[in-house]
Undergrad: 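Handing you a structure now.
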Amino acid sequence: MGTHPDVRPDDPTTTLTGGRGRRAVLALMGLALFVIVLNNSALNVAIPTLMRDLDADLPTVQWIVDAYSVVFAGLLLVGGACADRWGRRRVTLSGMAVFAVASGASALADAAWQVVLTRVVLGGAAAFVMPGTLAVLLDEFTGRQRATAIAVWSGIASLGVAFGPVLGGLVVAAAGWSAVFWLNVPPALVVVGAGALVLRESRDPARAPVEAVGGVLSVLMIGGLVFAVIEFGAAGRPDPAVVGAVLVAAAAAVGFAARQRHADRPLVPRGLLRDGPFLGASVSTMLLFFGLAGSLFVLTQRLQFRFGLSPVAAGLAVGPVALTVVVASVCSPVLARRTGPRVPVTVGLGLVTAGLAVLASTGVHLPAVLLGLAVIGTGFGLAVPAATDVLVGRVPSDRAGAGAALNDTLQELGFALGVAVVGAVLHRAFVTAAGPGTDPAATLVSGSVDPGRAAAAFDTAATAALSVAAAVVGVATLLAARWIPGRDRSTG
């Protein structure tokens, strides 16, 4: 993975070599990833202010949030293939430049429909950035250094999720909802400017054309699935839009599978979906993101309903996840080298399951919540780097972009499924406990938190929703123990 047969020795992008250059590459790709992840997690805090300023109703706000995820997930496989074909450096920096422009356009919008459109562009740009951030690292680093780089990459993604609500709350309080989008612009421009000097180009030596038919089918398949999950989570029932999206996704999936068997250069390298370690790493990671996304979605609301915290304070309370993820991510590759990847992945998933079980406990107190979050962060930091290293290690080195895109797609699917399914359980359980006509989201937006029946009902619903998240990660633990290789088969 460390060779660059298509780059000339006198190419100015190859002048930064050695430890300092690699650290600069890791820092820039980490910053790019942080911006992409931060954009989505910070926006949730700005929703109430955005609704008031732009006079947006709940369905429109839902599309402001969901348009990004649908387009992002749908285009990830295409983005990875384009990076392999036209150059990972070129595609990543181009996507980052578009992301900066679209962020500025979002901040300047004066109507809700304009924000929806710019979020579509942001999702598309992110789909061409995120696979490249990992593919560049896979090409730049090898052996133990690669495992460490993946650990840092995974830790940065977690930091973006955890710090998003905190930074979002601070900038919204200071400058309004548009500040959430302005927050993206300076670091995005830094990545583009410095990346043009620091990064060297790499691509698939075959430079095979992007599999266009498979690309269209992948967009319909993944985008349709994510759309159906999000809409089902909002409606709580399979309405016509959900059924239609499922049918489109299913038909596209059949076509995609058939196309991948016969295409000269399939988007998903052949044999991966029959590879035990790859399946173990990919499925367990997807279910882990399901549990994390769903639990954070519930918890940030529970902290406000149950404990009366402000949005900013609720974001700060999630801090233990970020801190323990960083520490555990550093330890993960060391443990994987000594024991094989199965131990850090299964132990990490087991810790996340235990932490979620603590959060799901009836009548849990704030200190126990903080302890549970610390345990979850530790488990997440141990599991994700080792699982990601197994996953990308099963992908041919010349298909680094495709492998990174597949990893990102599965994580995004887990994220969307977690928010939608756990969110649907929360909503249904809340309505059952509080009675028809009581909407937790509307209560939060209005700021009229009822300390009586509504708060108690929400606490009961949160326990049910978090129990689902814990059960799903528990299943991931069993799958990882079965499929992730031990020390004698370690790829690290």
Side-chain angles (χ1 to χ4, degrees), residues 1-39 72 75-76 78-107 118 121-142 145-146 149-150 152-153 156-157 160 181-205 207 210 397-398 400-405 408:
M1 275 188 193
T3 60
H4 306 266
D6 57 316
V7 179
R8 300 189 309 274
D10 59 345
D11 190 326
T13 62
T14 66
T15 57
L16 248 178
T17 58
R20 182 180 300 176
R22 286 175 177 161
R23 285 193 294 271
V25 170
L26 180 58
L28 283 175
M29 293 299 92
L31 181 59
L33 177 66
F34 184 82
V35 173
I36 296 299
V37 176
L38 180 72
N39 172 75
F72 180 35
L75 286 176
L76 274 168
V78 176
C82 289
D84 284 339
R85 169 66 175 86
W86 286 297
R88 292 146 195 160
R89 169 179 175 266
R90 178 181 293 113
V91 170
T92 301
L93 296 185
S94 297
M96 200 79 249
V98 174
F99 194 88
V101 173
S103 295
S106 298
T118 56
V121 178
L122 281 169
F128 286 85
V129 173
M130 193 170 183
T133 62
L134 181 56
V136 167
L137 297 182
L138 296 179
D139 188 80
E140 186 72 33
F141 294 90
T142 58
Q145 288 186 341
R146 190 186 74 168
I150 290 174
V152 173
W153 184 88
I156 289 172
F181 294 105
W182 287 125
L183 195 64
N184 301 331
V185 176
L189 294 178
V190 168
V191 171
V192 173
L197 300 175
V198 171
L199 302 181
R200 56 181 178 176
E201 190 60 279
S202 65
R203 58 174 65 88
D204 179 356
R207 301 191 185 185
V210 175
S397 60
D398 59 346
D408 299 337

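Numbers here are sequence positions counted from 1.
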Undergrad: What's the verdict on side-chain contact (heavy atoms from CB on, under 4.5 Å) for L137 and R146, showing C-alpha distance, side-chain angles and the deciding distance?
TA: CA-CA 7 Å; L137 297 182; R146 190 186 74 168; over 6 Å; no

Undergrad: Is any side-chain heavy atom of F181 less than 4.5 Å from a side-chain heavy atom of L122?
TA: yes

Undergrad: Check whether any side-chain heavy atom of E140 lies under 4.5 Å from a side-chain heavy atom of R200, and answer yes or no.
TA: yes

Undergrad: Would you call L199 and R88 a side-chain contact if the rule is heavy atoms closer than 4.5 Å?
TA: no

Undergrad: How long is the straight-line distance from CG of L31 back to CG of L26, given to the nearest 0.5 Å?
TA: 11.0 Å

Undergrad: Would you please test L28 and V198 for side-chain contact (heavy atoms from CB on, under 4.5 Å) and show each step?
TA: CA-CA 9 Å; L28 283 175; V198 171; 3.9 Å; yes

Undergrad: Here's a test for you: under side chain to side chain contact (heavy atoms under 4.5 Å, CB included), which of V192, V191, V35 qualifies with F99?
TA: V35

Undergrad: Can you name the closest pair of heavy atoms from M96 and A32 and give their distance?
TA: SD-CB, 3.8 Å

Undergrad: CH2 of W153 to CE of M29: how many Å apart, nearest 0.5 Å?
TA: 12.0 Å

Undergrad: Run F128 and C82 through side-chain contact (heavy atoms from CB on, under 4.5 Å) and show every step you take.
TA: CA-CA 8 Å; F128 286 85; C82 289; 3.9 Å; yes

Undergrad: Working to the nearest 0.5 Å, report the span between CH2 of W182 and OG of S106.
TA: 9.5 Å

Undergrad: Quick one: does any side-chain atom of R89 pair with a main-chain N or O of A196 as donor and acceptor, under 3.5 Å?
TA: yes

Undergrad: Which atom names give the shortest non-hydrogen contact between T133 and T92, and what distance separates them?
TA: N-OG1, 4.3 Å

Undergrad: Between A127 and L75, which heavy-atom pair has the shortest distance, and what is it?
TA: CB-CB, 3.6 Å

Undergrad: Identify the two heavy atoms, one from G195 and one from L93, that lie closest to each other, and give their separation to 0.1 Å.
TA: C-CD1, 3.6 Å

Undergrad: Atom CG in D84, atom CG in D139: separation rounded to 0.5 Å?
TA: 10.0 Å

Undergrad: Grab the two heavy atoms, one from V185 and one from G104, that are nearest each other, plus how far apart they are.
TA: CG2-N, 4.0 Å

Undergrad: Run the numbers on L138 and I150 for side-chain contact (heavy atoms from CB on, under 4.5 Å), then give the verdict.
TA: CA-CA 8 Å; L138 296 179; I150 290 174; 4.0 Å; yes

Undergrad: Testing the basics here: between T118 and A105, what is the closest heavy-atom pair and its distance to 0.1 Å?
TA: CG2-CB, 3.8 Å

